[in-house]
Amino acid sequence: MELQIIDSDYIVLNNKPIVRLFCKNINGETICVFYDKFLPYFYLHGDETKYEETIKEINKKYPNLKIEIVERLMPIGFQPPVKVLKITGDNPARTPELREFVKVFGTVYEADILFKYRFMSDFDLKGMGWINVEGKFTKTNTVKCKAFDAEEIKPLEILKNAPLRYMALDIECLPAEQRIPTPEKDMIIAVSFAFSPAYKGKDTLVLIAQLARINNDAIACESEKAMLEKMKEIIDDYDPDIICGHNINGFDIPFLLKRLEILSIPQDLGRSEKFAFSRKLQRSYMPSVSGRVIVDTFEIFKRDPWVKFKRYDLSTISRELLGMEKIELKGSYVDTMREMWRTKNVIDLIEYSKRDAVLALKLVVDKSLLDKFFEISKICGLLLQDALGGQSQRHEFKLLKEFYKRKFIMPCKPTSVSDRIKKHGLKGALVLEPQVGFHEWVVCLDFTSMYPSLIRANNICTTTFLTNGENVDHIVSPYGSKFVKPSVFKGVLPDVVDEYLNARVLVKKQAKIETDPENKRILKAKNLALKDLSNSLYGYTGYVRSRLYVVDIANTITAFGRDTITYTKKLIEENFPVKVIYADTDSVFIKSDVKSLEESEKLGIEISSFVSSKLTGLDLKFEKIFKTFLIEAKKRYAGWVFEREGTGWTDRIEMKGIETVRRDWCSLVSDTMLDVLNIILKEKDINKASKYVRQIVGDLAKGKMPLEKLTIVKGVTKAIDAYDGVQPHVELAKKMMQRDKTKSLVGERLGYVIVKGNQLLSKRAEDPDFVKQNGLEVDPEYYVYNQLLPPLERMFEVCGITPSELLEGVKQKSLLDILNGQKQLPPDKTVLKSFELAVCNNCNWSFRRPSLTGNCPKCSSPLYFSAAGSIGRTVDFNKK
DNA sequence: GGCTCTCGGGG
DNA sequence: GTGTACGAGAGCC
């Protein structure tokens, strides 16, 4: 029988463990596989000459333990095999106790591996992986699905996934006050579901905790307890593989479990008799529902480094990705819910609750959100639930498996991490000082998978690390650390990296020719998974909680990286008539006097293949062309990018570090920033850009700007008295609560504008509606000097326009003067050129930036602009 | 620039 | 469940 592993755990029967694998077959049936021939074990490394004694000592206290002397390889430092004790126990739950007891005899290894993972590692089974099982179906009341007693379990390689059942879940509560509800005090009044595929012909279902009048999509229950029992019935009946929701880990699941406890309802939400639980650690909760996977869309999106949102609430993400939003309530949540509940008019409640479930489900199913995580599971071996978590566990388990295959033993996780944090000292990547300013025709090249390539090329691993200058063939890194050559021993890390990089090349190739859309999707997801895994692997040795923490190795990798980029710059500038104007980690930005896309591309390719040929194991690639490029500082730039697409080019504006959208800015700022950048980059017309800014300033001063564009939104997160500083939105909340004593604004997001007046700034925050009704005026000075100018000034400054020039030197005067006495900018010299120097024609005085007038500030003669590059000649840009 | 502090999502 | 895990952005020198 062929099955795909969804989840795993174990139970203890007669003091012996039985591993359970919750699986799906290709038809979507749930089958739980039992395996009872595997026992927990770990290693002890102590004084090898005293092992016989040690065994006796341990057996005195634990007579039934099987203890063998075996040969294994140590995880850190290249060295010959050592003898260790392999201690095999019976009940995994008692391993910690055993571990503590034997610690006095030496160092323990692998004594903190979860039993299900010990089993999966040794049998080479993977989360979301397929297996072939032999055995027979059996009867049991410990699981709610079909049960199968396995004699043999073997891994299989199958690309496709079994059809899964997805359920989104969302609860609504009735808080007694204006605050986020707590399960100890507040009840659940509604539970909504969305299903994929449909459940009994329904895509959604809402349960209500009172016998109110309802519509077709809902079921009215006589109490909260009856509703939650009904909810369990539906979960068991639908039997979802995936339960998803937005912030379901941080809210719904823990809330639900606590309510079940309070109402004395068993918490068996999973596929077995085991109770679901959700453990809190620091900020986040870890859910565990046996046989199922809990997917929190909030956590997934927040953790995704490739897609950024302004906010991570369900409404924002759904709007961006699905073009759909949450239903907006007319009043505050508490007031609305209490009113609906009191009047038993729950139709709106049903709609509201249903929408949340529908959105969460759509984000997961319609956006194929889990594809990448399925592949991460299949590659590193973690169960899907754990693959949704952080990077470190992924590498940890993959490396455990690879260590096991090669007879290396893995250290336990560090118990205390503070000493590591104290003297951490990991030096990062190299970022060259950029040539600040405006440039044209910039070619961008970057190393594909630089860190993984360096690991592979130099055999960097804890297992190849030479701790003392042993007499074996080795390389010495720029950091000074030594690693044995692959001919002596090929490291585990390089092997894993090699597997990832090769797989990626293959997967990309396959994806191109694959015609089946599902397979194509999976291959694309696999490519992303491999990219994430290979790029983050290097960080594992420098991660303070790592089992393989060796800062020297992490430092070696970044040192290699810094050397590589420095050498690349040198190679390029010594062999080509170009200048490297910026470089960051694994990319270089090159300026030449080439002036077309095709020529730039040709040059880029020529340079990159030259560099690649000089650096073995590394591949520098032509990436893109910036037709125009504005760089303010390290990691802060914007450019008009052209990328090759087939026979043509695609273009877009790319921004790094220059934020045009920020939560605490009003939309006027974001809009203006974007418009100005577009003018500068696409039209190169700084005059037009500054005129544009002055026009906005003018509109502001005349009060022509719509209030919506000036509204700044901030959340009132805590009780008003709990704030000690004076903040505009908090002051406004106070005022508004004064005006309407019934209102509480705690927990709400408050929009405000700053109005004219001579009070303290924060006291002048006002409700936009109140401003409209009472004909108040906004304070243009505030918007110009506090909102608009700060982000714009730097952009203009690097283009050679000082803040005072931007507003025609009237910054000191009142805004009215700007309007009345607006001078014209000089007609020419306002089109941006990329230059390195402005030199006076008359007195030869040179300036890093030209003045806006185009005349020398010293002697008023016209300036000329020159570009001095590494090419050793000066190009005259003023050939009129 | 580097460091510490805050707050997020949910109802 | 052989467990024990934040991280980006803002504010401050």
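Note that the structure is predicted; figures quoted are calculated from it, not measured. Quick note on labels: first sequence line is chain A, next is B, and so on, each numbered from 1.
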- prompt: Between the side chains of A:Y62 and A:E97, does any donor sit under 3.5 Å from an acceptor?
  reply: yes
message: Between the base of B:dG10 and the ring of A:F251 - centre-to-centre under 5.5 Å, planes within under 30° - is that a stack?
response: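 Ring-base stacking flag not set for A:F251 and B:dG10.
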Which part of the nucleic acid, if any, lies within reach of [X] when heavy atoms closer than 4.0 Å are counted: base, sugar-phosphate only, or nothing?
X      : result
A:D9   : nothing
A:M286 : base
A:N91  : nothing
A:I248 : nothing
A:E97  : nothing
A:P96  : sugar-phosphate
A:K413 : sugar-phosphate
A:F119 : nothing
A:L98  : nothing
A:E110 : base
A:R118 : base
A:D112 : base
A:Y10  : sugar-phosphate
A:K326 : sugar-phosphate

Using the [atom1] atom as the point on both nucleotides, what is the distance between [M] and [N], in whole Å?
N     : M     : atom1 : answer
C:dA5 : C:dG1 : P     : 14 Å
C:dA8 : B:dG9 : P     : 14 Å
C:dG3 : C:dG7 : P     : 22 Å

Closest approach to the side chain of [X], judged atom by atom: which nucleotide of [options] is it?
X      : options               : value
A:R311 : C:dA5, B:dG11, B:dG9  : B:dG9
A:D313 : B:dG10, C:dT2, C:dA5  : B:dG10
A:H246 : B:dG10, B:dG11, B:dG1 : B:dG10

message: Is the positively charged end of A:K116 above the ring of A:F38, judged by distance under 6.0 angstrom from the centroid and angle within 45° of the axis?
response: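 Ring-cation test returns no.
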